[in-house]
There are 2 protein chains.
Amino acid sequence: MQTVHASSISQPTPATLLRHIPLPRTSPDTALGTTRMVAKDAEIFAEGDRAAFVYKVVSGAVRTFRLLSDGRRQIDAFHLPGDIFGMETGEDHRFTAEALADTTFIVYRRCNLVTLDGGEFSRQVVTAMMRSLEQAQNHMLLLGRKNAVEKVATFLLVMSDRISGGNQVDLPMSRLDMADHLGLTIETVSRSLTHLEREGLIGLPTHRSIVLLNKAALRRLGT
Amino acid sequence: MQTVHASSISQPTPATLLRHIPLPRTSPDTALGTTRMVAKDAEIFAEGDRAAFVYKVVSGAVRTFRLLSDGRRQIDAFHLPGDIFGMETGEDHRFTAEALADTTFIVYRRCNLVTLDGGEFSRQVVTAMMRSLEQAQNHMLLLGRKNAVEKVATFLLVMSDRISGGNQVDLPMSRLDMADHLGLTIETVSRSLTHLEREGLIGLPTHRSIVLLNKAALRRLGT
DNA sequence: CGCTGAGTTGACGTAGGTCAAGCAGAGTGG
DNA sequence: CCACTCTGCTTGACCTACGTCAACTCAGCG
């Protein structure tokens with residue numbers, strides 16, 4: 001059992017709420033949807049909300065998570081530009097979504113997913129769901145069977161693939177977000193990072209940016 | 001880090017292989033597929049196999065799992081009669097599937113899932129995938145943030161819902177399978193079960209059958 | 001420059017893993 | 001019908017990876 005960090009249930013600040021303004025617009029990608037911008041830590045939808053929309057990140061990043069009754073949090077995924085999130089098969093959202101940073105996204109009215117019309121949009125949503133499933137399956141292996149250093153190494157490789165493909169990763173999330181995604185605490189994430197640094201596998205020029213110095217060795221750790 | 005139980009990489013016995021006979025047949029449910037029977041612990045497909053088929057359990061039960069290089073195993077799901085498993089978006093299977101007990105299932109030639117024809121079969125497969133995703137998301141919360149007793153309590157409730165709906169559950173899997181599903185060891189699963197028994201929440205008439213004496217209390221543990 | 005919040009580090013505690021012994025039910029053979 | 005083994009499960013004693021608590025560092029910012 002672990003204590004619940006206060007910030008893991010943080011609310012958007014008043015300033016945040018003020019900047020939480022719908023911005024109707026039209027563009028190639030928004031033919032069917034509406035663009036919105038929200039500030040860092042703003043809530044996009046909450047667990048239990050009616051799931052009337054599907055979302056696509058344009059810029060920034062989003063976390064989706066669930067809480068246990070005592071506040072323990074599991075972040076199931078981070079959503080980066082291009083990712084679709086918020087699909088549900090039932091009526092309601094089973095997750096809460098919050099912006100990791102100031103974020104722009106497109107809101108699509110949820111066409112009934114059960115009526116698979118074979119159209120471009122429904123195909124895109126189904127593809128997004130399949131990708132979510134694969135990621136979730138990889139993540140179950142990580143959560144169930146990897147130790148702290150292996151978890152962090154795997155995470156860095158995945159983020160590197162998704163963000164840059166290069167050797168430098170600029171993480172959009174805090175240590176707490178990483179911890180709640182990997183089933184660890186901030187302290188253990190921090191210790192694992194410094195461990196990897198001492199081993200020469202990564203460099204830590206700043207807190208949020210990480211250089212993967214030896215991807216092969218990192219990959220060996222995560223398999 | 002944990003030791004690898006020898007049986008977690010057990011191979012089908014020779015006797016098992018002999019009983020591994022394709023049984024072509026036709027019935028209402030098999031209009032598009034072929035029925036097969038396999039013995040307990042037989043492999044149905046392996047990680048890396050070409051994913052040319054999709055499977056539906058008729059009787060018995062199936063586990064799908066992945067291994068780390070040193071043999072640590074994560075069972076992502078158990079598949080019971082009526083469940084469809086083995087869908088992949090890529091070319092190859094990313095899991096191994098084995099029978100938990102003597103099992104009958106139907107094998108469907110994999111229609112290309114990307115061409116969503118809106119037909120009955122492709123709708124059924126997409127529904128199965130969505131259900132898998134929801135289960136995987138629930139399981140990530142369990143693996144990442146629940147303690148041993150909470151994991152076992154949650155698992156018993158889920159299995160009870162899926163198998164009987166009543167208060168008696170006849171588990172089709174061993175303690176080792178439970179452990180590798182819940183991210184624990186057999187010893188911890190065993191201790192958690194006797195803990196729940198001592199608390200009066202469950203009864204253990206035999207090893208494989210469990211009586212849920214206080215579902216409300218169990219549910220409180222898993223939330 | 002001092003304040004603030006995020007991150008790191010160290011000392012210590014504990015849930016759950018490890019190792020080893022023992023037990024019970026299901027086959028098997030005499 | 002009873003000893004005999006085999007396999008899965010439980011239990012106990014001990015160990016360790018990771019959580020907890022608390023002090024400290026440092027970057028960003030008014």
Side-chain angles (χ1 to χ4, degrees), chain A residues 1-8 10 13 15 40-41 70-73 100-101 142-153 170-180 182-198 202-210 221, chain B residues 1-8 10 13 15-16 40-41 68 70-73 100-101 142-153 170-180 182-198 202-210 221:
Chain A
M1 192 81 61
Q2 51 184 107
T3 42
V4 177
H5 292 271
S7 51
S8 68
S10 72
T13 57
K40 182 164 149 63
D41 293 326
D70 63 356
R72 279 173 285 171
R73 182 176 72 155
L100 280 172
L142 178 149
L143 290 171
R145 286 301 180 215
K146 292 185 185 175
N147 65 31
V149 173
E150 293 169 340
K151 286 177 177 181
V152 170
D170 286 305
L171 296 174
M173 76 288 292
S174 69
R175 295 288 186 268
L176 180 58
D177 287 322
M178 289 179 55
D180 283 349
L182 301 177
L184 299 171
T185 58
I186 26 176
E187 292 93 335
T188 301
V189 169
S190 184
R191 279 188 254 266
S192 303
L193 285 168
T194 61
H195 173 83
L196 292 172
E197 186 187 25
R198 290 216 190 91
I202 64 173
L204 294 167
T206 78
H207 290 155
R208 290 291 184 107
S209 98
I210 297 183
L221 269 178
Chain B
M1 191 81 62
Q2 55 184 108
T3 43
V4 177
H5 292 269
S7 52
S8 70
S10 72
T13 58
T16 290
K40 181 165 150 61
D41 293 327
L68 293 177
D70 63 357
R72 278 172 286 171
R73 183 176 71 155
L100 280 172
L142 178 148
L143 291 171
R145 287 299 180 216
K146 291 184 186 177
N147 66 31
V149 173
E150 293 169 339
K151 285 178 178 182
V152 170
D170 287 303
L171 297 174
M173 75 289 289
S174 69
R175 296 288 187 267
L176 180 57
D177 287 321
M178 288 178 56
D180 283 350
L182 301 176
L184 298 171
T185 58
I186 26 175
E187 292 94 334
T188 302
V189 170
S190 183
R191 278 187 255 266
S192 303
L193 285 169
T194 61
H195 173 83
L196 291 172
E197 187 187 25
R198 288 217 190 91
I202 63 173
L204 295 168
T206 78
H207 290 154
R208 289 291 184 106
S209 98
I210 296 182
L221 269 178

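The chains referred to below are lettered A, B, ... by the order of the sequence lines, with proteins before strands, and numbering in each begins at 1.
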Set out, line by line, the N/O atom pairs under 3.5 Å between protein and nucleotides 23-30 of chain D.
none

Contact under 4.0 Å: A:Arg208 side-chain N or O vs C:dA6 OP1/OP2: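 False: A:Arg208 side-chain N/O out of range (4.0 Å or more) of C:dA6 OP1/OP2.
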Phosphate OP1/OP2 of D:dG19 contacted by A:Thr188 side-chain N/O (<4.0 Å):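 Indeed, a polar side-chain atom of A:Thr188 lies that close.
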Quick one: [X] [atom1] to [N] [atom2], roughly how many Å, whole number?
X: A:Leu196; N: C:dT8; atom1: CG; atom2: P; value: 12 Å
X: B:Leu204; N: C:dC23; atom1: CG; atom2: P; value: 19 Å
X: B:Ile186; N: C:dG16; atom1: CD1; atom2: C1'; value: 14 Å
X: B:Glu197; N: D:dT10; atom1: CD; atom2: C1'; value: 11 Å
X: A:Asp180; N: C:dA6; atom1: CG; atom2: P; value: 14 Å
X: A:His195; N: D:dA17; atom1: NE2; atom2: P; value: 11 Å
X: B:Leu100; N: D:dG8; atom1: CG; atom2: P; value: 13 Å
X: A:Leu176; N: C:dT8; atom1: CG; atom2: P; value: 13 Å

Counting heavy atoms from C-beta on, name the nucleotide in [options] closest to the side chain of [X].
X: B:Asn147; options: D:dC18, C:dA15, D:dG19; answer: C:dA15
X: B:Arg175; options: D:dT10, C:dG16, D:dC18; answer: D:dT10
X: B:Glu187; options: D:dT11, C:dT9, C:dG7; answer: D:dT11
X: B:Ser190; options: C:dA15, D:dT10, D:dG19; answer: D:dT10

Test side-chain contact (heavy atoms from CB on, under 4.5 Å) applied to A:Ser190 - qualifying residues, sequence neighbours left out: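 A:Ser190: no side-chain contact (heavy atoms from CB on, under 4.5 Å) contacts found.
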A:His207: side-chain contact (heavy atoms from CB on, under 4.5 Å) partners, not counting sequence neighbours: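 So A:His207 forms a side-chain contact (heavy atoms from CB on, under 4.5 Å) with A:Arg175.
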side-chain hydrogen bond (donor to acceptor under 3.5 Å, both in side chains) involving [X] - partner list, sequence neighbours excluded:
X: B:Thr194; value: none
X: B:Lys151; value: none
X: A:Ser192; value: none

Presence of salt bridge, B:Arg145 and A:Asp180, under 4.0 angstrom: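 Salt bridge flag = yes for B:Arg145 with A:Asp180.
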Sugar-phosphate only, base, or nothing, as touched by B:Thr194 at under 4.0 Å among non-hydrogen atoms: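 Contact class for B:Thr194: sugar-phosphate only.
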Side-chain donor/acceptor contact of B:Arg191 with base of D:dG12 under 3.5 Å: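 Flag set: donor-acceptor pair detected.
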Atom of B:Ile186, atom of B:Ala179 and distance for their closest heavy-atom approach: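 The answer is N-CB, 3.6 Å.
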